K.L.:
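Here you go, one structure.
These figures come from a predicted structure and were not determined experimentally. Sequence lines set the chain letters: A, B, ... in the order given, protein chains first and strands last, and positions in each chain run from 1.
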Amino acid sequence: MVIFFIGTMMNYNFNEIEAKWQKYWADNQTFKAENDSEKEKFYVLDMFPYPSGAGLHVGHPLGYIASDIYARYKRHKGFNVLHPQGYDSFGLPAEQYAIQTGQHPAITTAANIKTYRRQLDQLGFSFDWSREVRTSDPSYYKWTQWIFIQLFNSWYNKETDKAEDIKSLIAHFEKEGNAKVDAVCDEDVVEFTAEDWDSFSDSKKQEVLLKYRLTYLAESEVNWCPALGTVLANDEIVNGVSERGGHPVIRKKMTQWSMRITAYAQRLLDGLQKIDWPQPLKDSQTNWIGRSEGASVTFNVIPTERSDEEPHQIEVFTTRPDTIFGVSFMTLAPEHELVSKITTPEQKDEVEAYIEATAKRSERDRMADVKAITGAFTGAFAEHPFTKEPLPIWIGDYVLAGYGTGAVMSVPCGDQRDYDYAEHFNIPIPNIFEGVDISKEAFADKEKTVIANSDFLNGLPYKKAVKRAIFELEKLGQGKGKVNFRLRDAVFSRQRYWGEPFPVYYDGNGMPQMIEEQYLPITLPEVEKYLPTETGEPPLGNATEWAWDLNKSEVVNNERIDYKHVFPLELNTMPGWAGSSQYFNRYMDPHNDEEIFSQEAINYWQDVDLYIGGSEHATGHLLYSRFWQKFMFDKGLVPKDEFAKKLINQGMITGTSAFVYKLSLMWALTSRHSDNRKYLEELSQKFPDIFHSSELYEKTFSDGLTLNDLAAKFEFPKLLKFLSEIDENKVNISQFTFGEIKLHSDVSLVNASDELDIEGFKKWRPEYGDAEFITEEDGSFKVSREVEKMSKSKYNVVNPDAICEEYGADSLRLYEMFLGPLEQSKPWNTAGITGAHSFLKKMWRLYHTGPNETFYVSDNAPSNDNLKTLHKTIKKVEEDIENFSFNTSVSTFMICVNELSAQKCSSKEILEPLAILVSPYAPHIAEELWEKMGHSESIATAPFPKFEEKYLVESSKEYPISFNGKMRFTMELPLDMSKENIEAAVLAHEKTQQQLQGRTPKKVIVVPGKIVNIVG
RNA sequence: GCUCGAGUGGCGGAACUGGUAGACGCGCUGGAUUCAAAAUCCAGUUCCUUUGGAGUGUGGGUUCGAUUCCCACCUCGAGUACCA
């Protein structure tokens, strides 16, 4: 029973205070940001969440708390702060739930968003909710569709190195064909003249243009995930299986929308230089883009005698043109288009069998045994560009169709894979390196390379040889210097329901047409079923109202499709990253129905100053967003070609799982026992549930304790009964030993000392309701702890709702920051929150030193100690926030409050600035105290206290005196004392003499204000 | 394999450009208060053979002085992978 005493209401009643201020902020729109202001702007952004059905756990808000602290700090510093929040609300889970239950994803999503909002609100974030966006909202995805259209209507001009309107390309074509156009385009474009262009049909023109557009429809090999019924982007595949669900992925040819992100490869790489993002993230983008410099080399295939075929050429990319004389064969990917054309009749069977075998192997198999060397000889030969020697052409699956040209010039002496292949198939391995033994392995050290046996390259080191080789190849017209990227164009179609529909219909020729911008958004149609259709079409194939009427400019019933003015609409939807690639700009002007955002808004807010979110988006969202931003920059829509100046990856908060141990029966498998195996298993099934405290096993059971001993020691009735029922004719009781079964316990049943609430455990797990618990000597039952990822199945998920209820949002915010450095992953342990919570209580008490702990703040002048404590806190906290070292400022607050309490400080001159300092971290208590100190306005924009050095000036210093670098004692000396006097004073000290034990010091180092070190 | 990042008490973690290693908090131990518990307060808490000594993953190096800089190695984590 809890008894409340009236009259002690001055206690820190966090629940009441927090509710009060959350309501105040909402009612007063305290954090609403204006698009015009005299103040300097500052844009603090969080990666918006996908609203999952599970709600938030304590790990999720970590980044939000950090960004909120920074946003609040910047407001105190006088900035106009934009700190919005929204939802990335299209996605797979809602759709799969819909497939299972028939519940419309929009309904599930809305419900989840409601939960998220409640959970976010209770943490006291200073979001400007008036700017909320949801990617699944038609008023938002209208603009996602709009950008798609802009991309469709653009091409990439390499000459100007930017995206341009497709009209300028058409103008080129009309004037001079495509010969002089330097564009990023499909590889299979054929040259045509202005006259050719003029003679093309409309449909043919469209077909040609599609090869140049920044978003284009192409039959491409995609990652198809049969289990999910959709294609996946490369970054959605992890270890050969789908990131979501872990389903197998196969390669499949499909007609899909793609984004020509490769056009931006170099700029995406260069842009990394000027943004302040974590190095590991930049590294992984750099890797993903995968720039490599080298040369493309053309090898002529030697025609066979009887061939009437046209001469073939093999183009390869190599980073080592310097090793051109080391080529002893060519290898093509099995999928290479030339394979079927050049294979000789004698080799046909072997080659086809090999191709079939490799096609069957999944990505995963292929990755699993990379060591197996397989391949086949095509029977054809290519001619070496310089020596004119014939080079056998092989195929092998170590050459990837998707990288470079899908063909390599094999230099076994310089590349280990070529070496292994050559060795396996008995192909010669000529050595072209000076003074290197290649009898065991290939030699790939560029730095130490000196070329030999290579005609004009002899004696040259790597770099010079590369240059010379390219020069000679160019002279021959059989090669040139080339930069190759690993980055592929991004597949943009998904066979899903819950995503943005494309603003696209198909004309009678099957050519895609854009719907005019003024008719956007094209809203997602209703469907009966969320599964693919029986004919294998995407879910939108189930829609009956999904045709575009060109006359009426509206979506109409499919029955009216006539390919004259009513056309079928695109059935795919956009991928998850579509909506998240532009949301940060939309926040600047989220309700604008005329434009994606006004020029005034974008010119005021410019770009994101601080972006906080997880590192898992390194090669997905963060790369695609940079791509779209650069595109929008080219179009003159945004003033910056990088959208976020600074980015921080918050670390993951892991869980601290709790384990209980249950005894199990074990036996040695003697021959007698193996006969009675069944009976033994029966016994172990029947063995009563006995749990033991975590440390007892080693002490008690592992050490040969028998079943009889156990029964005698504890006299558990069920155990005694079990024993009495054992048929000793079948088994020998003395041969039983004990094992232990480790089970997760819910972490909420465990206290700070790792003691389990046994009754709670029994209630939680009714099947163990009558289990026995062997406790420690003091009667406690201890669990063991392990750090694991937070997950439902591990019963280590901690819900912020419960924490807020028990300790308050301010405690939670402080504690999450206090756990450790923001960017580091660290385990959650609820026990520790009492430290943060009692700090807040202590701070509350500092302002409540009146009679009966009533509020009391005086106008008394502060003491020097008060001022010193305050100003060193200001200094440290300011530095910490600027450095995102939030954990250390929490300890600074603790020290500050401890000191001021000891000093019995009640001076308003100290306590007012202290409230502001704490306010970014624990805003509710700060507002409450601020109000009590007589302010009628929110603390949110109160100016940050100004640090003044003069309060920290000291006249003396406690010098550490060290001997050979080891500190042995300290000595208080005036700070203005000269080096000589310090040395003299230290040497005169009795402890110095003691340390030296009669030796004369060789040297005395005096660093004034720091340290004294005596050597000797 | 390659590329990053990290190794400090029982635990989370502090330590500015090299200058008193272990701040702050949890936990633990003892005490005060209480009929008792919770809460609160006070003291202690790296280790050891304790008038002293050792100690920041291991081994070297630079330095008057190294958790910090350099080299090699070990362990863990993240990303990536037949990339020509």
K.L.:
Counting side-chain heavy atoms from CB outward, which of B/G27, B/C64, B/C24 is closest to A/Ser753?
P.N.:
B/G27

K.L.:
Using the side-chain hydrogen bond (donor to acceptor under 3.5 Å, both in side chains) definition, which of the options A/Arg417, A/His424, A/Gln416 pairs with A/Asp420?
P.N.:
A/Gln416

K.L.:
If we take the P atom in both B/U56 and B/G60, what is their distance in whole Å?
P.N.:
12 Å

K.L.:
Does A/Arg417 put a side-chain nitrogen or oxygen below 4.0 Å from OP1 or OP2 of B/C83?
P.N.:
yes

K.L.:
Side chain of A/Ser891, heavy atoms from C-beta onward: which of B/C83, B/C41, B/A23 has the nearest atom to it?
P.N.:
B/A23

K.L.:
So does A/Glu954 pair up with A/Lys868, basic N to acidic O under 4.0 Å?
P.N.:
yes

K.L.:
Examine B/C41: is either OP1 or OP2 under 4.0 Å from a nitrogen or oxygen in the side chain of A/Arg845? Give yes or no.
P.N.:
yes

K.L.:
Grab the CD-C1' distance between A/Gln824 and B/A78 for me, whole Å please.
P.N.:
13 Å

K.L.:
Just N and O in the side chain of A/Lys826: are any of them under 4.0 Å from OP1 or OP2 of B/G12?
P.N.:
no

K.L.:
When you get a sec, tell me which of B/G12, B/A84, B/U20 is the closest nucleotide to the side chain of A/Ile1011?
P.N.:
B/U20

K.L.:
Say we look at B/A78 and B/G59: how far apart would their C1' atoms be, to the nearest angstrom?
P.N.:
27 Å

K.L.:
When rounded to the nearest Å, what value does the distance between P atoms of B/A66 and B/C2 take?
P.N.:
32 Å

K.L.:
If the C1' atom of B/A21 is compared with that of B/G13, how far apart are they to the nearest Å?
P.N.:
13 Å

K.L.:
With a cut-off of less than 4.0 Å, is there a side-chain N or O of A/Asn898 near OP1 or OP2 of B/C24?
P.N.:
no

K.L.:
When you compare B/A81 with B/U3, how far apart are their P atoms, in angstrom units rounded to a whole number?
P.N.:
16 Å

K.L.:
What's the gap between B/C41 and B/U33 when it is taken at their C1' atoms, as a whole Å value?
P.N.:
8 Å

K.L.:
From the options B/A84, B/C64, B/U20, select the nucleotide whose nearest atom is closest to the side chain of A/Val1015.
P.N.:
B/C64

K.L.:
Between A/Thr834 and A/Lys966, which is nearer to the 5' end of RNA chain B once each is assigned its nearest nucleotide?
P.N.:
A/Thr834

K.L.:
Taking the minimum atom-to-atom distance to the side chain of A/Lys1010, which one of B/G19, B/A84, B/C24 wins?
P.N.:
B/G19

K.L.:
When you compare B/C74 with B/A39, how far apart are their C1' atoms, in angstrom units rounded to a whole number?
P.N.:
48 Å

K.L.:
Of the nucleotides B/G19, B/C24, B/C41, which one has an atom closest to the side chain of A/Val1007?
P.N.:
B/G19

K.L.:
Closer than 4.0 angstrom, basic N to acidic O: yes or no for A/Lys1003 and A/Glu983?
P.N.:
no

K.L.:
Taking for each residue the nucleotide of RNA chain B with the nearest heavy atom, is it A/Gly965 or A/Ile895 whose nucleotide lies nearer the 5' end?
P.N.:
A/Ile895

K.L.:
Do A/Asn1013 and B/C64 share a donor-acceptor pair, side chain to base, under 3.5 Å?
P.N.:
yes

K.L.:
Looking at A/Arg486, I'd like to know whether one of its side-chain N or O atoms comes within less than 4.0 Å of OP1 or OP2 on B/A81.
P.N.:
yes

K.L.:
So, A/Glu293 and A/Arg291, do they make that salt bridge, N to O below 4.0 Å?
P.N.:
yes

K.L.:
For B/U40, take OP1 and OP2 only and decide whether either is under 4.0 Å from a side-chain N or O of A/Lys841.
P.N.:
yes

K.L.:
Are the aromatic ring centres of A/His989 and A/Phe969 under 6.0 angstrom apart?
P.N.:
yes

K.L.:
Out of B/A84, B/U20, B/G12, which nucleotide sits closest to the side chain of A/Ser292?
P.N.:
B/A84

